[in-house]
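Note that the structure is a prediction, hence the values are computed from the model and not measured.
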Amino acid sequence: MGSSQRILRKSLLSGAAAAEGVAVVIDVLRAFTSAAFMMHLGAEKIVLLAEPEDVLRFKVETGALAVGEVGGKMVGGFDLGNSPARIVAASRGLFVGRTVAQRTSAGVTGAVAAARSAEQVILGSFVTASATARYLQALSPPPEIVSLIAMGNAGRESTPDDEACASYLEHLLTGAAYSHSAALKQIVEHECTQKFLRGDRVHFPPADPVYCLQRDLFDFCLTAQLEEGVLVARRINVPRRDKA
C-alpha cells in the first residue's frame, strides 16, 4: 500500500455509517462467509437488502433466492438461513446462475449503511481475506483511505472474529503484527463461537465456525456497487501471484 494511504479501523453499525474511502465491511460469523460460499457455488450476484420484507418482495418480483436471518433465525418465506454449512449442503445446483437476495442483521445492514458514504464497498471475511488484500493493492490509483469495519454481533457488540479479520487484513496490507493462533483462541472461547459449538440451537449449526474460520479459501473478493439504487455484490477473481 502507498505510504500516504490511511487504514482506518471502525466497528459496528456506527462505524459502517461513518465509512470513508474504500470500505471493507467484515462479517465472519456469518454473512460474508455465506456470501462467498454462494458465489463459489455459482451464484451470479447477491442483492443486499436491509429489510426482510424487501427480500421477500424482491423474491416474488424476480425469482431470486432469499437468504438470511433476523436474530440469527431464518425468516419465514426465505429459502435458506445465514448458515455456510447449510449453504454448502444445498449444493451447487441451487445457486448456479441465480441472483440471491441477502439480508442479515450485521453484515448486510452494515454494507448498505457504508454504501451511503464510501467510494466502494467490499464484503470481508476470512475466506476471502488475501484476495481482498490483493484487490486493494492492485487498485489504480490506490485509494487514499481504506476503512476496515468489523460488524460484530448484530452490529451492536464487538466480537473477536470480525476484529481479528480486520487485523489480518491490516497485516496483509501494511505488515502490522498479527497472530492467527492467538486470534483463534479468543474467537473459539468467545460466546460468538460457543453458541454454535454447544449445538443446542438449530439456527446455529456447530459446523458453521469450521467454514467461517478458514483463511484465504477463495481466490476472489466480493465487491458491491449501487445499481439502480440497490447494493449489488459481484465476484472479482484475484489470482494468487504464484498462480498467475
Side-chain angles (χ1 to χ4, degrees), residues 10 13-27 30-70 74-82 87 90 92 94-125 128 131-132 135-136 138-141 143-149 151 154-155 218 220-238:
K10 298 178 181 287
L13 285 170
S14 58
E20 300 176 58
V22 176
V24 184
V25 180
I26 299 165
D27 190 338
R30 301 168 283 178
F32 296 149
T33 304
S34 293
F37 272 99
M38 290 189 286
M39 286 297 201
H40 170 68
L41 292 170
E44 179 184 349
K45 62 184 178 182
I46 298 175
V47 178
L48 304 169
L49 298 167
E51 301 300 331
E53 54 267 29
D54 291 337
V55 171
L56 292 169
R57 186 180 308 112
F58 190 83
K59 175 183 176 178
V60 170
E61 292 174 352
T62 69
L65 288 171
V67 176
E69 52 76 31
V70 171
M74 186 174 81
V75 179
F78 278 33
D79 298 289
L80 284 167
N82 189 35
I87 286 166
R92 187 173 178 83
L94 181 65
F95 295 101
V96 171
R98 299 288 298 276
T99 295
V100 176
Q102 186 184 26
R103 189 275 169 194
T104 70
S105 301
V108 171
T109 52
V112 171
R116 298 188 185 110
S117 58
E119 298 167 10
Q120 183 180 357
V121 172
I122 300 173
L123 313 186
S125 65
T128 58
T132 297
Y135 173 79
L136 289 166
L139 286 176
S140 182
E144 293 182 6
I145 298 172
V146 175
S147 295
L148 302 177
I149 306 166
M151 290 306 305
F218 301 125
F220 62 80
C221 68
L222 301 178
T223 67
Q225 304 281 357
L226 287 170
E227 300 181 12
E228 299 180 353
V230 177
L231 191 62
V232 179
R234 299 180 186 273
R235 166 179 173 163
I236 295 181
N237 293 328
V238 193

Query raised in the report: Within the side chain of Q102, is there an N or O that forms a donor-acceptor pair under 3.5 Å with the backbone of V108?
Result: no
Query raised in the report: Would you say R235's side chain and G42's backbone share a donor-acceptor pair under 3.5 angstrom?
Result: no
Query raised in the report: Which heavy atom in G110 sits nearest to a heavy atom in A16, and how many Å separate them?
Result: O-CB, 3.4 Å
Query raised in the report: With no hydrogens and no angle check, is any side-chain donor or acceptor of K59 less than 3.5 Å from a backbone partner on D79?
Result: no
Query raised in the report: How many angstroms lie between atom OG1 of T33 and atom NE2 of H40, to the nearest 0.5 angstrom?
Result: 13.5 Å
Requested in this report: Measure across S147 and E20 and return the closest heavy-atom pair with its distance rounded to 0.1 Å.
Outcome: OG-O, 2.7 Å
Query raised in the report: Side chains of V75 and V55: does their closest heavy-atom pair fall under 4.5 Å?
Result: no
Query raised in the report: Looking only at heavy atoms, which two atoms of V96 and L41 are closest? And how far apart?
Result: CG2-O, 3.6 Å
Query raised in the report: Counting distance only, does the side-chain N/O of R103 pair as donor-acceptor with the main-chain N or O of E69 below 3.5 Å?
Result: yes
Query - Least distance between heavy atoms, A23 atom then I149 atom - result: CB-CD1, 3.9 Å
Report task. Check whether any side-chain heavy atom of L13 lies under 4.5 Å from a side-chain heavy atom of T109, and answer yes or no. Result -> yes
**Report entry** Option from V24, I236, T128, V25 for which side-chain contact (heavy atoms from CB on, under 4.5 Å) with I122 holds
**Finding:** V24
Query raised in the report: Considering only heavy atoms from C-beta outward, does the side chain of V230 approach that of F58 to under 4.5 Å?
Result: no
Query raised in the report: If we only count heavy atoms from C-beta on, is the L80 to M38 side-chain gap below 4.5 Å?
Result: no
Query - Distance, nearest 0.5 Å, that separates OG1 of T104 from CG of L48 - result: 8.5 Å
Query raised in the report: How far apart are the closest heavy atoms of L231 and A115, and which atoms are they?
Result: CD1-CB, 3.8 Å
Query raised in the report: For the side chain of S117 and the backbone of A18, is there at least one donor-acceptor N/O pair under 3.5 Å apart?
Result: no
Query - Spacing of CE belonging to M39 relative to CD belonging to E44, to within rounding of 0.5 Å - result: 8.5 Å
Query raised in the report: Picking from F218, F95, F32, what satisfies ring pair (Phe, Tyr, Trp, His ring centres under 6.0 Å) with F37?
Result: F218
Report summary line: Closest heavy-atom pair, T132 versus C221, reported as atoms and distance to 0.1 Å, is OG1-CB, 3.6 Å
Report task. Flag yes if more than 12 heavy atoms outside E144 fall under 6.0 Å of its CD atom; otherwise flag no. Result -> no
Query - Check: A64 main-chain N/O paired with T99 side-chain donor or acceptor under 3.5 Å - result: no
Query raised in the report: Hey, what do you get for OG (S105) to CG (N82), rounding to the nearest 0.5 Å?
Result: 8.5 Å
Query - Gap separating the CD1 atom of I26 from the CG atom of L123, nearest 0.5 angstrom - result: 11.0 Å
**Report entry** Point-to-point distance, once rounded to the nearest 0.5 Å, from CD of Q120 to OG1 of T223
**Finding:** 5.5 Å
Requested in this report: Compare all side-chain heavy atoms of R234 with those of Q225 and state whether any distance is below 4.5 angstrom.
Outcome: no
